[in-house]
Amino acid sequence: MPEQVYSHQEIESKWSARWAADPKLFAPEDDSPKPKFYVLEMLPYPSGALHIGHVRNYSIGDALARYKWMRGFNVLHPMGWDAFGLPAENAAIKNNRHPSEWTHSNIEQMKRQHRRMGFSYDWNREVSTCEPEYYKWNQWFFIRMFEKGLAYRKQALLNWCNECATVLANEQVVDGCCWRHEDIPVEQKELTQWFIKITAYAEELLRDIGNLQGGWPDRVLAMQTNWIGRSEGAEIDFTLETGEKVRVFTTRVDTIYGATCVILAPEHDIVKLYATGEIAAAVKAMIDKRATQGPGDVEKEGIFTGLYAINPFNAERVPVWVANFVLTGYGTGAIMAVPAHDERDFEFCTKYGIPIVPVIRPADGALPDAVREAFGDYGVVENSGQWSGIASAEARKQMAAHAKANGFGESAITFRIKDWGISRQRYWGTPIPMVHCAVCGVVAVPDEQLPVLLPPDPVLKGTGQSPLAADESFVNVPCPKCSAPARRECDTMDTFVDSSWYFYRYCDAHNNEAPFDPKKIAYWFPIDQYIGGVEHAILHLIYSRFWTKMMRDIGLIANDEPAARLFTQGMVIKDGAKMSKNKGNVVSADDMMDEYGADTGRLFGLFAAPPERDLDWTASGAEGAYRFIGRVYRFVTRSIDRLDTPGAPTDADRKVLRKLHQTIHKITNDFESRWHFNTSIAAFMELVNEIYANEAQLTGATLREVLEKVVLLLAPFTPYVCEEMWELMGRPGPVLKQPWPEYNAELAKEDGAEVIIQVNGKLRGKLTVPFGTSKEELERLAMADEKARPFIEGKAVVKVIVVLDKLVNVVVKG
RNA sequence: GCCCGGGUGGCGAAACCGGCAGACGCAACGGACUUAAAAUCCGUUUCCGCGAAAGUGGAGUGCGGGUUCAAGUCCCGCCCCGGGCACCA
């Protein structure tokens with residue numbers, strides 16, 4: 001066969017069709033004796049077009065999946081669609097199409113692109129979250145949580161995005177703006193909504209971060225730790241002169257003798273009870289201002305309520321204020337202000353002339369006469385009755401215990417994380433399976449009536465009213481308990497519910513009796529490797545962890561965490577900016593595949609940067625990857641006829657085989673440790689350069705040996721062209737079921753050790769010696785070395801450092 | 001302010017355990033092939049000196065110190081860039 005020109009269209013369309021025709025090709029085996037490996041990439045939202053960011057994400061997972069198959073694992077590698085959500089509904093309003101139609105046509109488009117990319121998914125397990133077979137189980141889980149008190153309704157101030165016309169969870173607010181609309185400030189609205197009690201798991205979510213260390217990126221774990229935000233402190237009751245108690249939360253109860261006022265959040269119950277006239281008006285103004293204010297520094301403002309409270313530790317009477325910087329949703333919504341030891345309290349009390357009383361001194365200093373700035377560190381407690389002279393840390397414990405013993409407080413822990421508000425006033429989501437009955441109250445839809453189907457013909461306006469409420473035939477329903485006329489809940493669920501457990505469904509995607517068969521979960525879980533963007537570090541990834549723990553506690557599964565290992569890949573950058581529609585720098589997967597092909601797209605994406613780092617997409621870089629694939633392909637095709645030509649082994653054979661085994665070692669290591677495929681591919685390029693340099697001298701047997709291994713090593717990165725070359729070499733496929741090339745350390749070994757000669761740490765010469773040459777001999781050779789000698793002669797040799805097979809460093813003086 | 005990353009040629013990067021800084025690729029330049037071009041193959045390219053050249057000397061991994069025979073790598077103190085959290089009591 002003469003040398004062939006690499007034509008990606010021909011090769012990729014040929015194998016894409018063949019792979020699609022074999023539904024078992026990428027399916028895991030039942031009852032397999034092989035060890036299992038579950039590799040998962042985050043499922044996409046079906047926007048309609050795959051772009052380079054997706055391609056990068058899936059190329060990483062696909063390389064791993066193919067490698068694991070070749071290493072003899074039974075691999076589960078599924079794909080699905082996060083198919084509910086706002087874009088479908090907004091597109092529907094704009095184009096007057098049904099969200100379902102829009103979504104399904106997008107899925108079809110993207111699935112075609114996926115197939116074209118040749119990713120090794122088991123499409124038999126495809127999950128689409130907008131199908132009743134899937135969202136039925138969202139409802140089922142919701143009812144289980146309702147029964148356990150983990151799903152509940154309450155009135156609360158909620159984040160509202162006017163553009164989305166719906167409520168947002170705290171996790172969906174970024175810099176005070178909507179996560180989908182970075183320039184739309186989120187407003188606060190008081191609404192009655194459904195919440196999921198993720199806070200019941202706050203302690204465990206935090207504790208188990210310890211078990212994820214090593215398997216999950218530190219960055220993600222740090223972000224989750226921050227988000228959960230545990231603070232240890234105490235709650236203390238200050239008694240008002242009117243008799244009510246105001247409970248404050250503090251992490252520094254040791255400073256309580258320095259408390260000079262109590263400050264309430266504007267929304268606090270006591271304020272509602274006692275604020276009248278001018279004060280009430282000022283408080284309302286504060287609430288309104290805060291509701292519309294964006295993020296950033298806000299001037300502290302407050303007003304005296306006219307009330308006084310008694311500090312239970314020293315019986316001192318302190319004024320009660322209301323201030324805009326005290327948050328209603330954190331701690332108890334009330335604080336004791338200790339201006340001498342808290343920067344914020346200092347700022348506030350200075351502004352309003354409230355006294356400042358220092359009670360903590362630095363361990364090696366004295367109490368200041370006049371406080372010029374807050375001293376917030378731990379120190380020694382002073383002027384604090386029986387605790388004077390005790391260190392802060394110890395005083396905290398003792399004073400909390402004292403409060404408890406005397407019935408006016410106790411040690412307490414608060415979390416920053418809040419319950420997950422899941423009600424959405426939109427159509428395209430899972431209906432919340434609840435009924436409101438005038439007699440029975442809120443009643444769950446019985447399991448046998450699930451799923452509660454979305455009505456097929458919604459009236460969509462995007463006005464902020466739940467579209468389901470306009471559909472009388474949906475709304476009106478008899479109460480499941482008493483059969484009296486009742487009304488259905490009309491909100492739908494946050495789509496993050498859908499993505500919290502989809503990866504369990506892949507294990508048993510067509511189960512009609514249960515969300516999944518626990519036996520299948522026991523086999524596949526935890527996910528061995530999860531791969532996705534870091535933007536989900538606290539959204540999807542914290543919800544998923546919660547959902548797993550919840551499912552464990554209702555007895556469905558045994559694992560505590562969904563994924564043993566997580567990998568977060570970097571963003572794709574083009575022309576200095578993150579690829580996004582707004583910036584107009586998106587490269588579509590289709591355009592890329594037309595021009596360069598799927599293999600090139602994958603190879604460049606993996607070669608241009610280590611996968612965790614941001615990747616610069618450049619056309620010239622892609623050209624380079626394309627040229628390289630062509631270089632391999634041309635060599636293989638022009639060598640086909642020589643593969644079985646007999647001949648005596650040559651020096652070139654040995655050199656190329658050595659390079660081959662060094663490359664096997666390198667690539668295998670990269671797969672097994674840090675996934676720096678950029679260096680795997682660089683090593684592979686070096687191998688190909690070596691083969692080119694020795695082409696004429698290679699014998700047939702070596703050519704066959706080396707080229708077959710070349711194809712196998714490259715297959716996880718560029719599967720199409722490798723499948724084609726494998727076939728051309730007369731080998732039966734598929735490549736991903738071939739064993740991974742085995743490393744032979746003997747063949748990889750160099751002829752001799754290259755030892756560098758340094759004088760005072762500077763490189764002065766090189767030696768090639770047999771491995772294991774003795775210290776004395778190396779020292780002798782170094783001293784005699786022609787290049788090194790001029791730097792040694794005439795100087796006193798202080799000492800000589802020898803590292804066997806590696807280096808000699810002669811230290812001289814003078 | 002606190003918590004994570006990161007800073008190396010014209011560019012993307014490599015150097016994994018402290019041991020030859022810049023592998024591999026892009027771009028640029030030169031050569032071969034060609035009537036010519038494209039494609040392909042081969043070569044050069046951190047900076048500053050000296051040299052016609054082969055070579056050869058010095059400097060160099062954000063900045064300042066330190067440890068060490070030896071530092072991009074370890075330690076101390078800074079600067080800059082990216083990300084997360086943030087009146088969280």
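Keep in mind it's a predicted model, so treat the numbers as computed, not measured.
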Consider side chain to side chain contact (heavy atoms under 4.5 Å, CB included). Of A:V721, A:L714, A:I11, which one does A:D599 pass it with?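 Answer to the side chain to side chain contact (heavy atoms under 4.5 Å, CB included) test with A:D599 among A:V721, A:L714, A:I11: A:V721.
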Could you pull out the closest heavy-atom pair between [X] and [Y], with the gap in Å?
X	Y	answer
A:Q224	A:A537	NE2-O, 2.9 Å
A:I263	A:A337	CD1-CB, 3.8 Å
A:I228	A:L206	CD1-N, 3.8 Å
A:A374	A:P339	CB-O, 3.8 Å

When you get a sec, tell me which of [options] is the closest nucleotide to the side chain of [X]?
X	options	answer
A:M685	B:G25, B:C3, B:C41	B:G25
A:N809	B:A89, B:C69, B:G57	B:C69
A:L327	B:U40, B:A89, B:C24	B:A89
A:M223	B:G84, B:C26, B:C4	B:G84
A:E754	B:C20, B:A89, B:G84	B:C20
A:N689	B:C42, B:C24, B:C26	B:C24
A:R627	B:G25, B:C85, B:U40	B:U40
A:E686	B:C24, B:A89, B:U56	B:C24
A:N324	B:A13, B:C16, B:C87	B:C87

All pairs passing side chain to side chain donor-acceptor pair (under 3.5 Å) where residues 606-623 of chain A contributes a residue, at least two apart: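 Every side chain to side chain donor-acceptor pair (under 3.5 Å) pair that includes a residue of residues 606-623 of chain A, provided the two are not neighbours, is A:E612-A:H676.
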What contact category does [X] fall into here, base, sugar-phosphate, or nothing, at under 4.0 angstrom with non-hydrogen atoms?
X	answer
A:F791	sugar-phosphate
A:G331	nothing
A:K787	sugar-phosphate
A:K766	base
A:F628	nothing
A:I538	sugar-phosphate
A:P610	sugar-phosphate
A:R219	sugar-phosphate
A:D345	nothing
A:Q758	base
A:V810	nothing

Within the modelled atom types, does a donor on one side and an acceptor on the other bring the side chain of A:K799 and the base of B:C69 under 3.5 Å apart?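 No pair found.
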In this structure, how many angstroms lie between the [atom2] atom of [N] and the [atom1] atom of [X], rounded?
X	N	atom1	atom2	value
A:R631	B:A39	CZ	P	15 Å
A:F635	B:U40	CZ	C1'	15 Å
A:E690	B:C24	CD	P	11 Å
A:F684	B:A23	CZ	P	20 Å
A:E3	B:U40	CD	C1'	8 Å
A:L603	B:G25	CG	P	12 Å
A:Q569	B:G83	CD	C1'	15 Å
A:L763	B:G18	CG	P	21 Å

If we take the [atom1] atom in both [N] and [M], what is their distance in whole Å?
N	M	atom1	answer
B:G12	B:G82	P	16 Å
B:A13	B:A70	P	32 Å
B:C47	B:U40	P	27 Å
B:G64	B:U73	P	13 Å
B:G9	B:G22	C1'	7 Å
B:A71	B:C81	C1'	24 Å
B:G18	B:C75	C1'	13 Å
B:U56	B:G19	C1'	24 Å

Is it the case that the ring center of [Y] lies less than 6.0 angstrom away from the ring center of [X]?
X	Y	answer
A:F415	A:F249	no
A:F671	A:F677	yes
A:Y6	A:Y626	yes
A:W321	A:Y352	yes

Looking at [X], does any N or O in its side chain come under 4.0 Å of the phosphate oxygens OP1/OP2 on [N]?
X	N	result
A:R764	B:C20	no
A:R613	B:G82	no
A:S231	B:A89	yes

Can you work out whether A:N678 or A:Y692 has the more 5'-proximal nearest nucleotide on RNA chain B?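 Looking at the nearest nucleotide for each, A:N678 comes out on the 5' side.
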More 5' along RNA chain B: A:K762 or A:L807, using each one's nearest nucleotide?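 Result: A:L807.
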Since syn is defined as within 90° of 0, does B:C17 count as syn or as anti?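 You should classify B:C17 as syn.
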B:G55, syn or anti by chi within 90 degrees of zero: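 B:G55: anti glycosidic orientation.
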According to the Watson-Crick and G-U wobble definition with distances under 3.5 Å, which dot-bracket string, read 5' to 3', encodes RNA chain B, using [ ] for crossing pairs and | for pairs with another strand? (((((((..(((......[....)))((((((.......))))))(((((....)))))..(((((..]....))))))))))))....
Under a 4.0 Å N-O cut-off, is there an ion pair linking A:R230 with A:E203?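 Yes, A:R230 and A:E203 are salt-bridged.
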Is there side-chain contact between A:E776 and A:E779, with at least one heavy-atom pair below 4.5 Å?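 No - every pair of side-chain heavy atoms lies 4.5 Å or more apart.
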